[in-house]
Amino acid sequence: MDGPHALLVLQERDTEADQLRHKRAHLPERGRLDQVTAESASVEAEGAAATAERDDLARRQGELEAELADLDRRRKDLDARMRSGSVTASRDLQAMADQLVALKRRQGTLEDADLEIMEALEPLEERLTALQDRWAALEREREELSRSVAESEAAIDTELAATLAARSEAASTVPTDLIAAYERLRQRLGGVGAAPLVGSSCGGCHLTLSAGELDRIRRLPDDAVVTCEQCGRILVR
């Protein structure tokens, strides 16, 4: 096979390789995998924020319950002293009674605050459970998609390796300077540097060559390198 015709085979292999690379980069599973990964990260961040909020409420609840326990202890101690008979002065007893009232009032305030926290914690815990379930489902889907993508990539890589091997074989019969020109054209013209001459049209740009140009081409030797007057691609007759 002469250089120009081998170049057309080389172009076919390059086109196949480009298509395989595009297919590998745009696997349907990869798009969904990107979506799932992004959503999983979003759910994880939302869960972290909700966990921090829950932990802050739990900390405040712990502080309230500790203060309530201390108030209860002080109230019981005070009540016991009043009932013990060790304090007899009416003024002292009145002061202790006033202190009991103040402790009970403070206890009521703290209990209201504790109830508010409990009411806030309940839906927050439910939200956290839902987020955890959603994250787990997304992670399962992400793992399945990752396996599917890896399998598809492996299959494409095998096909690509065979195509590149065939490409190397075709390239071995093409002169170095012709390959260099072809590669420059491929880079400039969307991956197609060589095309067949189909009748009077270029197989690359699909435009019709002038009658004079066609006549000139017909007079050239069979192994002469010809380019399209419209797009500049190498034409293979």
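One hydrophobic cluster holds both Leu189 and Leu7 under the rule that ILVMFWY side chains link at heavy-atom gaps under 4.5 Å. Grouping the Ile, Leu, Val, Met, Phe, Trp and Tyr side chains by contacts below 4.5 angstrom, directly or via other members, places Leu68 with Leu78.
Clustering of Ile, Leu, Val, Met, Phe, Trp and Tyr side chains at separations under 4.5 Å places Val36 together with Leu20, Leu27, Leu33, Val43, Leu131, Trp135, Leu138, Leu145, Val149, Ile156, Leu160, Leu164.
No donor-acceptor contact under 3.5 angstrom links the side chains of Glu46 and Ser42, judged on distance only.
Val174 places none of its side-chain heavy atoms less than 4.5 Å from the side chain of Tyr182. At least one side-chain heavy atom of Leu8 sits under 4.5 Å from a side-chain heavy atom of Pro196. Two residues are said to be in side-chain contact when any heavy atoms from C-beta on lie closer than 4.5 Å; Val225 and Ile234 meet this criterion. Counting heavy atoms from C-beta outward, Thr109 and Asp112 have side chains that stay 4.5 Å or more apart. The shortest side-chain heavy-atom distance between Leu64 and Ile117 falls under the 4.5 Å cut-off. Side-chain contact check for Arg75 versus Asp79: every heavy-atom pair is 4.5 Å or farther apart.
No side-chain donor-acceptor contact under 3.5 Å links His22 to the backbone of Asp18. No side-chain donor-acceptor contact under 3.5 Å links Glu16 to the backbone of Thr163. For Ser148 (side chain) and Glu144 (main-chain N/O), no donor-acceptor pair under 3.5 Å exists by modelled atom type. A donor-acceptor pair is defined here as one N or O able to donate and one able to accept, closer than 3.5 Å; no such pair exists between the side chain of Arg81 and the backbone of Ser86.
Distance CG/Leu10 to NE2/His5: 14.5 Å, rounded to 0.5 Å. Atoms CG and CD, from Leu71 and Gln107 in turn, are 6.5 Å apart once rounded to the nearest 0.5 Å. A distance of 12.5 Å separates CG of Leu115 from CG of Leu110, quoted to the nearest 0.5 Å. For the atom pair CG of Leu207 and SG of Cys228, the computed distance is 6.5 Å after rounding to the nearest 0.5 Å. Note that the CZ atom of Arg54 and the CD atom of Glu125 stand 5.0 Å from one another [nearest 0.5 Å]. The CZ atom of Arg233 lies 6.0 Å from the SG atom of Cys202; values are rounded to the nearest 0.5 Å.
For the pair Ala120 and Leu57, the tightest heavy-atom approach, listed with the atom from each and the gap, is CB-CD1, 4.0 Å. Summarising the geometry of Leu214 relative to Leu209, their closest heavy-atom pair is CD1-O, 3.8 Å, with the distance given to 0.1 Å. The minimum heavy-atom distance between Ala50 and Leu128, with the atom names listed, is CB-CD2, 3.7 Å. Here the closest heavy-atom approach between residue Val198 and residue Gly203 is recorded as CG2-CA, 4.5 Å.
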task = Please lay out, stage by stage, how Asp114 and Gln61 fare under the test side chain to side chain contact (heavy atoms under 4.5 Å, CB included).
result = CA-CA 6 Å; Asp114 188 42; Gln61 185 180 42; 3.1 Å; yes

task = For Arg127 and Glu53, run side chain to side chain contact (heavy atoms under 4.5 Å, CB included): C-alpha distance rounded to whole Å, both residues' side-chain angles, the deciding distance at 0.1 Å, then the answer.
result = CA-CA 12 Å; Arg127 179 180 163 207; Glu53 184 180 354; 4.1 Å; yes

query = Are Arg59 and Asp55 close enough, and set up right, to give a salt bridge (charged side-chain N to carboxylate O under 4.0 Å, His left out), and what steps lead you there?
reply = CA-CA 6 Å; Arg59 177 188 57 78; Asp55 291 348; over 6 Å; no

ask   = Between Gln19 and Thr15, does a side chain to side chain donor-acceptor pair (under 3.5 Å) hold up when you go through it step by step?
value = CA-CA 6 Å; Gln19 290 170 345; Thr15 298; over 6 Å; no

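Here Ala224 pairs with Leu220, Pro221, Arg237 under the side-chain contact (heavy atoms from CB on, under 4.5 Å) rule; sequence neighbours left out.
A salt bridge links Arg73 and Asp77; the closest N-O separation between the charged side-chain nitrogens and carboxylate oxygens is under 4.0 Å. A salt bridge does not link Asp34 with Arg30: every distance from a Lys NZ or Arg NE/NH1/NH2 to an Asp or Glu carboxylate oxygen is 4.0 Å or more. Using a 4.0 Å cut-off between a side-chain N of Lys or Arg and a carboxylate O of Asp or Glu, Lys76 and Asp72 qualify as a salt bridge. In summary, Glu213 and Arg216 engage in a salt bridge, as defined by a charged side-chain N under 4.0 Å from a carboxylate O. For the pair Arg24 and Asp157, the salt-bridge criterion is met [side-chain N within less than 4.0 Å of a carboxylate O]. Between Glu183 and Arg186 there is a salt bridge, since a side-chain N of the basic residue sits under 4.0 Å from a carboxylate O of the acidic one.
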Could you tabulate the donor-acceptor pairs under 3.5 Å formed by side-chain atoms of residues 97-106, not counting sequence neighbours?
{"residue": "Asp98", "atom": "OD1", "partner": "Gln94", "partner atom": "NE2", "Å": "2.9"}
{"residue": "Arg106", "atom": "NE", "partner": "Glu67", "partner atom": "OE2", "Å": "3.1"}
{"residue": "Arg106", "atom": "NH2", "partner": "Glu67", "partner atom": "OE1", "Å": "3.4"}
{"residue": "Arg106", "atom": "NH2", "partner": "Glu67", "partner atom": "OE2", "Å": "2.9"}

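Summarising the local packing, CD of Glu169 is surrounded by 12 or fewer heavy atoms from other residues, nucleotides or ligands at distances under 6.0 Å.
Applying side-chain hydrogen bond (donor to acceptor under 3.5 Å, both in side chains) to Ser40 and the options Arg134, Gln35, Glu139 leaves one that passes, Glu139.
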